[in-house]
Every structure is written in C-alpha cells, then in structure tokens.
2 protein chains.
Amino acid sequence: MSRGKLPRPTDAELAILRVLWDRGARTVREVHETLRDGSGYTTVLKTMQIMTEKGLVTRDESQRAHVYSARLPRESTQQQLVTDLVDRVFGGSPARLALQALSTKKTSPEELAELRQLLDSLEKESES
Amino acid sequence: MSRGKLPRPTDAELAILRVLWDRGARTVREVHETLRDGSGYTTVLKTMQIMTEKGLVTRDESQRAHVYSARLPRESTQQQLVTDLVDRVFGGSPARLALQALSTKKTSPEELAELRQLLDSLEKESES
DNA sequence: CGGGAACTACGAAAGGCTTCGTTGACACCT
DNA sequence: AGGTGTCAACGAAGCCTTTCGTAGTTCCCG
C-alpha cells in the first residue's frame, strides 16, 4: 500500500506539505490555522485523509487529535517535481531549466556564489 | 475572452504544445500521429478544442482541416511553469530550484559553460 | 450522383480534486 | 448527568480532465 513511488502532489496538497515541512508534525487544526486560505476545517481534514491514503503523509493516531507528518523530506519532493518538469517541458535537460530559472533574476550574490561552487564541482567531475 | 493570463496547461495539453512547438502549426491529425500515445483521434481533437477555448492555442479555420498553433512561444510557458514551481515549492528562490535541478547531474560541458556565462553576467549585473 | 474518407462538433461517462454539511465520538466542565 | 467544544469520518456535490462514441459536414472519386 505504502510502497512504490508517490503521486505528484496537487496544489492543495503541496500547501499542506509546506506547512508540515516548515513546522514539523502537526494536527489538522494547526495546519488549518497556519494556512490562512479560505478553506474550511473539514476541507483540510479531508485532503489530509486522502494524502494519508496516497502515502504522502503519515499520521499518529495515538492522540485524539491525529498528528500528521510529511512522509518524504522536502528535498525529495522538490527533486521529484523538478525531474518531472524537466521531462515534460525542458526536453530532459536540467541545465535548460536552470538557465530559465535564473533568467528571472532576483538572485542574491550568496546564491550566485553557491551556484558557482556547484558548477565548479560538476566540471571537475566531468573531467575525471 | 483571449485576454489575461493563460491557465497552467495540463499534462495532456503540454504534450500537444510540445508537438506544436517542435514542428510548428499542425492539424489535429498530424498532432495525433506525432504523439504516439494510446489516445484516440477524437480525444486529441477534443483536448485541442478545449485548449482553443482556454486560449492556449489559436486555430486557422480557413482550411477544412483546422490548423492549430501554440499561442505562446515555448519559452514563455517554460517561464510560467518555472515561476510557478519556484513559488509553490522553492520559497520563491529560483536559485534553489536551479541548484536542485543541477544536482541531478547529466549536464554536458557545453551546458555548464553556458551556465557559467549566465552566472558571470548576473554577477556583473549585481555589481553595478 | 452516390459512397467513402476525412474532418469537426457534440455529449456523455469516468475519474480526480476540492469543497463542505452532517453525524457521531469523546472529553471536559459545571 | 447535561451541555459545550473539539475532533474524525462519511458522503455528496461541483468542477475539471480525459476519454471516446456518435452524428453531421464536406470533399473527392468513380
């Protein structure tokens, strides 16, 4: 049931996952309060129940108010979504996605330095 | 009707857009033949009709077999999807997406060089 | 002209996502 | 014990996506 690859999270699911990633394990009420979008409590509850079925989250039922956790760390999901996008619209080239992403500007000098470092290590790697 | 921002294309719509971007304006039949997924002719037709309503494509009805074109160039849609993903899962930081994308490896030396060039110009820019 | 091929248009069904009302359980307070 | 508040579960509705069968149109060929 819980084995195998997880489905791509929908937008509503992603919003919930962001809360769980940012603040750790949380109850439905806490998640609902955190994401102050217009959605009602039972909407959030239902979505999180579905996410449990899909395996996107796990829950601890030992307390009356169930406590939910993201099943995968943020980075895994980011990786999944990036790979997905690369395949669907960038012809399988991560570099083209990176170029497109960076063209939107708004990148701090610190991040540029970090990118340069990654580039260095990638080039070194390809030489060997 | 056709003004305003376009909706995010669905997966099936993206597959069709890829054909139109790669090969230029095409009829339904040509698109259907090109993407050799299992879907039937009328499925592709219907999807393309919906895309027309949404404004994702335009069509020339002067011929009996209507000729469809992507309304936006590939780059605009890529930009839209990248921005979308950056906002939804990378906390608004294009650089973090770029880092994640490049960590998947499989990047050719040519592309690395291209990235380095972009990085250079971005750094120069931030100095001024 | 008649028939078949190549089209578009229409409508409906199935499945997924999102929403929420309602119900029932449980817990605490008085 | 009764009332109030908090919670999970259920089910249904509305909407979107994807799928395709069917029907109608147009064109061409013999």
Side-chain angles (χ1 to χ4, degrees), chain A residues 1 4-20 25-69 77 80-81 84-85 88-89, chain B residues 1 4-20 25-69 77 80-81 84-85 88-89:
Chain A
M1 199 56 34
K5 288 196 71 270
L6 300 184
R8 172 152 44 114
T10 66
D11 285 356
E13 288 168 349
L14 224 28
I16 290 169
L17 285 174
R18 276 201 305 272
V19 173
L20 298 179
R26 282 290 181 275
T27 64
V28 172
R29 187 176 52 73
E30 289 167 328
V31 170
H32 173 239
E33 279 169 6
T34 300
L35 35 93
R36 291 221 169 289
D37 55 353
S39 54
Y41 173 86
T42 50
T43 301
V44 177
L45 169 66
K46 179 68 160 187
T47 303
M48 292 176 78
Q49 285 170 342
I50 292 174
M51 290 171 80
T52 303
E53 284 166 22
K54 291 183 182 175
L56 289 172
V57 298
T58 57
R59 77 180 157 194
D60 172 0
E61 308 183 359
S62 66
Q63 301 305 121
R64 181 153 118 74
H66 300 175
V67 177
Y68 290 76
S69 310
T77 303
Q80 178 194 358
L81 293 171
D84 208 77
L85 191 61
R88 282 185 301 128
V89 277
Chain B
M1 201 55 34
K5 288 194 69 271
L6 299 185
R8 173 152 44 113
T10 66
D11 286 356
E13 288 167 352
L14 224 29
I16 290 168
L17 284 175
R18 275 202 305 274
V19 173
L20 297 179
R26 283 291 181 275
T27 64
V28 173
R29 187 175 52 74
E30 288 166 328
V31 170
H32 174 240
E33 279 168 5
T34 300
L35 36 93
R36 291 222 170 287
D37 55 353
S39 54
Y41 174 86
T42 51
T43 300
V44 177
L45 168 67
K46 179 67 160 190
T47 302
M48 291 176 80
Q49 284 170 342
I50 292 174
M51 291 171 79
T52 304
E53 284 166 21
K54 292 183 181 175
L56 290 172
V57 297
T58 56
R59 76 178 158 195
D60 173 359
E61 308 183 359
S62 67
Q63 301 306 120
R64 181 153 119 76
H66 300 174
V67 177
Y68 290 76
S69 312
T77 303
Q80 177 194 357
L81 292 172
D84 208 77
L85 190 61
R88 281 186 301 130
V89 277

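This structure is a prediction, so every number in the text was calculated from the model and none was measured. Chain letters run A, B, ... following the sequence lines, proteins first and then strands; every chain starts at 1.
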*Qualifying salt bridge (Lys or Arg N to Asp or Glu O under 4.0 Å) pairs with a residue from residues 31-40 of chain B, counting only residues at least two apart or across chains*: B:Arg29-B:Glu33
*Within the distance-only criterion (no hydrogens, no angle test), does the side chain of A:Arg88 pair as donor or acceptor with the backbone N or O of B:Ala15 below 3.5 angstrom?*
no
_Using modelled atom types and a 3.5 Å cut-off, is there a donor and acceptor pairing between side-chain atoms of A:His66 and backbone atoms of A:Arg26?_
no
Enumerate the protein-to-nucleotides 14-17 of chain D contacts in which both atoms are nitrogen or oxygen and the separation is below 3.5 Å.
{"residue": "D:dT17", "atom": "OP2", "partner": "B:Lys54", "partner atom": "NZ", "Å": "3.4"}

Taking distance alone, no hydrogens or angles, what donor-acceptor pairs closer than 3.5 Å link side-chain atoms of residues 40-51 of chain B to residues at least two apart or in another chain?
{"residue": "B:Thr47", "atom": "OG1", "partner": "B:Thr43", "partner atom": "O", "Å": "2.9"}

In whole angstrom, what separates [X]'s [atom1] from [N]'s [atom2]?
X: A:Leu17; N: C:dC17; atom1: CG; atom2: P; result: 13 Å
X: A:Glu61; N: D:dT6; atom1: CD; atom2: C1'; result: 17 Å
X: B:Glu30; N: C:dT8; atom1: CD; atom2: P; result: 11 Å
X: B:Met48; N: C:dC10; atom1: CE; atom2: P; result: 17 Å
X: A:Glu53; N: C:dT18; atom1: CD; atom2: C1'; result: 14 Å

Those residues that, when tested against [X], pass side-chain hydrogen bond (donor to acceptor under 3.5 Å, both in side chains) (two or more places apart):
X: A:Gln80; result: none
X: B:Asp60; result: B:Ser62
X: A:Glu61; result: A:Arg59

Measure the [atom1]-[atom2] distance between [X] and [Y] for me, rounded to the nearest 0.5 Å.
X: B:Arg18; Y: B:Thr77; atom1: CZ; atom2: OG1; result: 12.0 Å
X: B:Tyr68; Y: B:Ile16; atom1: OH; atom2: CD1; result: 9.5 Å
X: B:Arg8; Y: B:Asp84; atom1: CZ; atom2: CG; result: 4.5 Å

*May I ask you to verify if any side-chain N or O of B:Arg59 is less than 4.0 angstrom from the OP1 or OP2 atom of C:dA9?*
yes
*Is the shortest side-chain N/O distance from A:Gln49 to OP1 or OP2 of D:dA8 below 4.0 Å?*
no
Please list, chain by chain and in numerical order, all residues satisfying side chain to side chain contact (heavy atoms under 4.5 Å, CB included) with [X], sequence neighbours excluded.
X: A:Ala12; result: A:Thr10
X: A:Ala65; result: A:Thr27
X: B:Val19; result: B:Arg23, B:Val31, B:Thr34, B:Leu35

*Base versus backbone protein contacts along nucleotides 23-28 of chain C [heavy-atom cut-off under 4.0 Å; B, S, -]*: --BBS-
Mind listing the N/O atom pairs, protein and nucleotides 1-4 of chain D, below 3.5 Å?
none

*Tell me which residues in residues 33-44 of chain B put a heavy atom below 4.0 Å from DNA chain D, sorted by number, or none.*
B:Ser39, B:Gly40, B:Thr42, B:Thr43
*Looking at A:Leu56 and A:Leu17, what are the two nearest heavy atoms and their distance?*
O-CD2, 4.1 Å
*Side chain of B:Leu45 only, please: which of D:dT19, C:dA9, C:dC7 is the nearest?*
C:dA9
*Identify, between A:His66 and A:Lys46, the residue whose nearest nucleotide on DNA chain D lies closer to the 5' end.*
A:His66
